[in-house]
Amino acid sequence: MKENDMPLPHPTRSIALIDVNNFYVSCERVFNPKLVGVPVVVLSNNDGCAVARSNEAKALGVPMGEPWFKLKDLAKQHGIIGLSSNYALYADMSNRVMSILREYSPDQEVYSIDESFLDLTGFQSRDLISYGQHMRKRILKWTGLPVCVGIGSTKTLAKLANHCAKKRPVFNSVCNFNAMLPTELEHLLCQIDVGEIWGIGRKLAPKLQALGFNTVQDLKRANPDRLRQQFSVVLEKTIHELNGTVCIDLEEISPPKQQIMSSRSFGQPIRDYNSLAESITLYMSSAAVKLRRQQSFAGSVHVFIRTSPFKQDAPQYSNGITIPLPSATDNTMQLVNIALWGLKQIYRPNYDYAKAGVMLSELVTAQGVQNDLFSQSGANAENGKNCTLS
DNA sequence: GATGCTATGAAAC
DNA sequence: CTAACGGTTTCATAGCATC
């Protein structure tokens, strides 16, 4: 791809999206080179489902999210290796990658454990492909992880460019839409399925195809107003972003979570109240840690328990309860007690429970608490831990 | 008729 | 030997209740 060194028609932003290939699998391979070149999947909690697949595993047709027991035959046949996940390792590797990337731009959004946006606007456009190659080679050398780089004038386009970098060997893992001629880009976008666009998922893709929007180019040329009517604002924004109009900003500082959830499927079904209570206590403790780490206070607590929907013949029960708190708190003891009270309300004996969890919502930040306290002249300020919701 | 709350669904990683 | 199936989060909307 030849770089375009003509002046660009509009003041164009250059947003890069850097994404580690098959992140969990690649992490495992760094520490066990025997896994290189063979089909590998990393499994979810309790070795339940495939949450990451190597290219070899994908080529064998292993679907994302497939339960491991359904893969046993295929695995035996082709020697697919199933690994338990090691989230502490992945978090550590992620931190290394993110700090390397931070040196390439002061404007970074860490979007997920294996993805980061960088704003490269103002960097010399014709150099961006080599800049991207530099990142890629450095990350590979310093962490052992393979990444791809996509560059475009919006986040949606950067995502799409990243997809091209990954899927099309021509780009050698770095694809810059901004460096392509309009006709060249159009030709490319005609070959990509609508379903590949960020925000177009399993439900939306078939609906759009039914209306004749089969490729990215089709959707790019669609009438945003009309599709907003028919679908949603989200889709309207996507169309604008495909045309280079920024609708989704770079979020360098991640806003505090509005709700915090902790839940887990059990390795084996649980029937008795005490075991359930133990789990709920554990989940709430971890939720409370997350809550305090972002310096928030919870205004309501939700507790839920459920049997396995996959056991068709077993009696099913699923219930949850939301408990509003008179006063927002971040205190583990208080939160656990409330959750256990909630559990008592919804618990029914003689069911095989498969999953339980808690959710904290109506979160207010410590900042908000401060303001609240000032505005309410310190009412309910006992050890600064509680605040009244107004 | 406008506004607010809740439950639900779709999407993402 | 059999059965076995993730976890969080956000955002938008629809339906219902309320002012």
Side-chain angles (χ1 to χ4, degrees), chain A residues 17-25 41-53 62-73 75 82 84-85 87 90-91 94 109-117 155-156 159 162-163 194-208 227-238 247-248 251 254-269 279 283 286-287 290-291 294 296 299-300 302 304 306-314 318-322 324 352 354-363:
Chain A
L17 188 265
I18 301 93
D19 180 323
V20 183
N21 306 343
N22 314 325
F23 182 55
Y24 296 170
V25 168
V41 301
V42 172
L43 303 169
S44 64
N45 226 18
N46 304 318
D47 293 343
C49 300
V51 291
R53 305 154 296 158
V62 176
M64 183 63 166
E66 186 75 349
W68 179 235
F69 74 89
K70 286 189 182 174
L71 289 171
K72 277 290 170 62
D73 278 351
S84 301
S85 41
Y87 290 103
Y90 310 148
S94 174
E109 174 183 343
V110 176
Y111 177 69
S112 76
I113 192 160
D114 74 323
E115 280 177 73
S116 174
F117 288 103
K155 284 190 183 182
T156 302
K159 274 270 195 184
N162 184 280
H163 171 260
V194 255
E196 301 296 345
I197 300 168
W198 190 32
I200 312 289
R202 272 226 303 282
K203 299 281 180 183
L204 219 43
K207 286 185 191 171
L208 290 172
L227 289 208
R228 183 199 179 130
Q229 301 276 322
Q230 216 163 340
F231 296 93
S232 69
V233 260
V234 182
L235 189 57
E236 184 197 14
K237 286 183 183 174
T238 298
C247 298
I248 308 169
E251 306 211 59
S254 58
K257 306 273 179 249
Q258 297 175 23
Q259 43 188 17
I260 291 170
M261 162 111 96
S262 178
S263 78
R264 209 114 307 183
S265 298
F266 308 129
Q268 302 179 284
S279 300
Y283 302 157
S286 104
K290 293 186 206 171
L291 183 71
Q294 69 163 30
S296 293
S300 92
H302 183 78
F304 70 90
R306 67 175 317 161
T307 55
S308 170
F310 301 106
K311 286 187 178 175
Q312 302 279 1
D313 38 350
S318 170
N319 203 356
I321 184 173
T322 304
D352 280 330
K355 184 175 178 175
V358 300
M359 185 161 74
L360 301 174
S361 32
E362 284 170 71
L363 306 190

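Letters A, B, ... are given to chains in the order of the sequence lines, protein chains preceding strands, and every chain is numbered from 1. Just so you know, these numbers use all the heavy atoms, side chains as well, and skip hydrogens, waters and symmetry mates.
The side chain of A/Lys203 contributes no N or O atom lying less than 4.0 Å from OP1 or OP2 of B/dT8. Put simply, A/Lys355 has a side-chain N or O that comes within less than 4.0 Å of OP1 or OP2 on C/dG7. Residue A/Ser263 has no polar side-chain atom (N or O) positioned under 4.0 Å from OP1 or OP2 of C/dG7. Within the 4.0 Å cut-off from OP1 or OP2 of C/dC5, not a single side-chain nitrogen or oxygen of A/Asn46 is found. A close approach under 4.0 Å does not occur between any side-chain nitrogen or oxygen of A/Ser308 and OP1 or OP2 of C/dA4. Of the side-chain N and O atoms in A/Gln268, none sit less than 4.0 angstrom from OP1 or OP2 of C/dA3. Distances shown here put every side-chain N or O of A/Ser262 at or beyond 4.0 Å from the OP1 or OP2 atom of C/dG7. OP1 or OP2 of B/dG9 has not a single side-chain nitrogen or oxygen of A/Arg202 nearer than 4.0 Å.
Between the side chains of A/Ser44 and A/Asn46, no donor-acceptor pair of N or O atoms lies under 3.5 Å.
The A/Met261 side chain lies nearest to C/dT8 when the options are B/dA12, C/dT8, C/dA12. For A/Lys290, taking side-chain heavy atoms from C-beta onward, the closest of the listed nucleotides C/dT9, B/dA12, C/dA4 is C/dT9. Residue A/Leu204 has its side chain nearest to B/dA11 when only C/dC5, B/dA11, B/dC13 are considered. For A/Ser265, the listed nucleotide lying nearest its side chain is C/dG7; candidates were C/dG7, B/dC13, C/dA12.
Remark on DNA chain C: of its neighbouring residues A/Gly267 and A/Gln259, the 5'-side contact belongs to A/Gly267, judged by nearest-heavy-atom nucleotide. In this structure, A/Tyr24 and A/Pro256 both approach DNA chain C, and ranking their closest nucleotides by distance from the 5' end singles out A/Tyr24.
Checking side-chain atoms of A/Asn162 against main-chain N and O of A/Leu17 turns up a donor-acceptor pair under 3.5 Å. Not a single donor-acceptor pair under 3.5 Å links the side chain of A/Glu66 to the backbone N or O of A/Ala50.
Taking the C1' atom of each, C/dA4 and B/dC13 are spaced 25 Å apart, rounded to whole Å.
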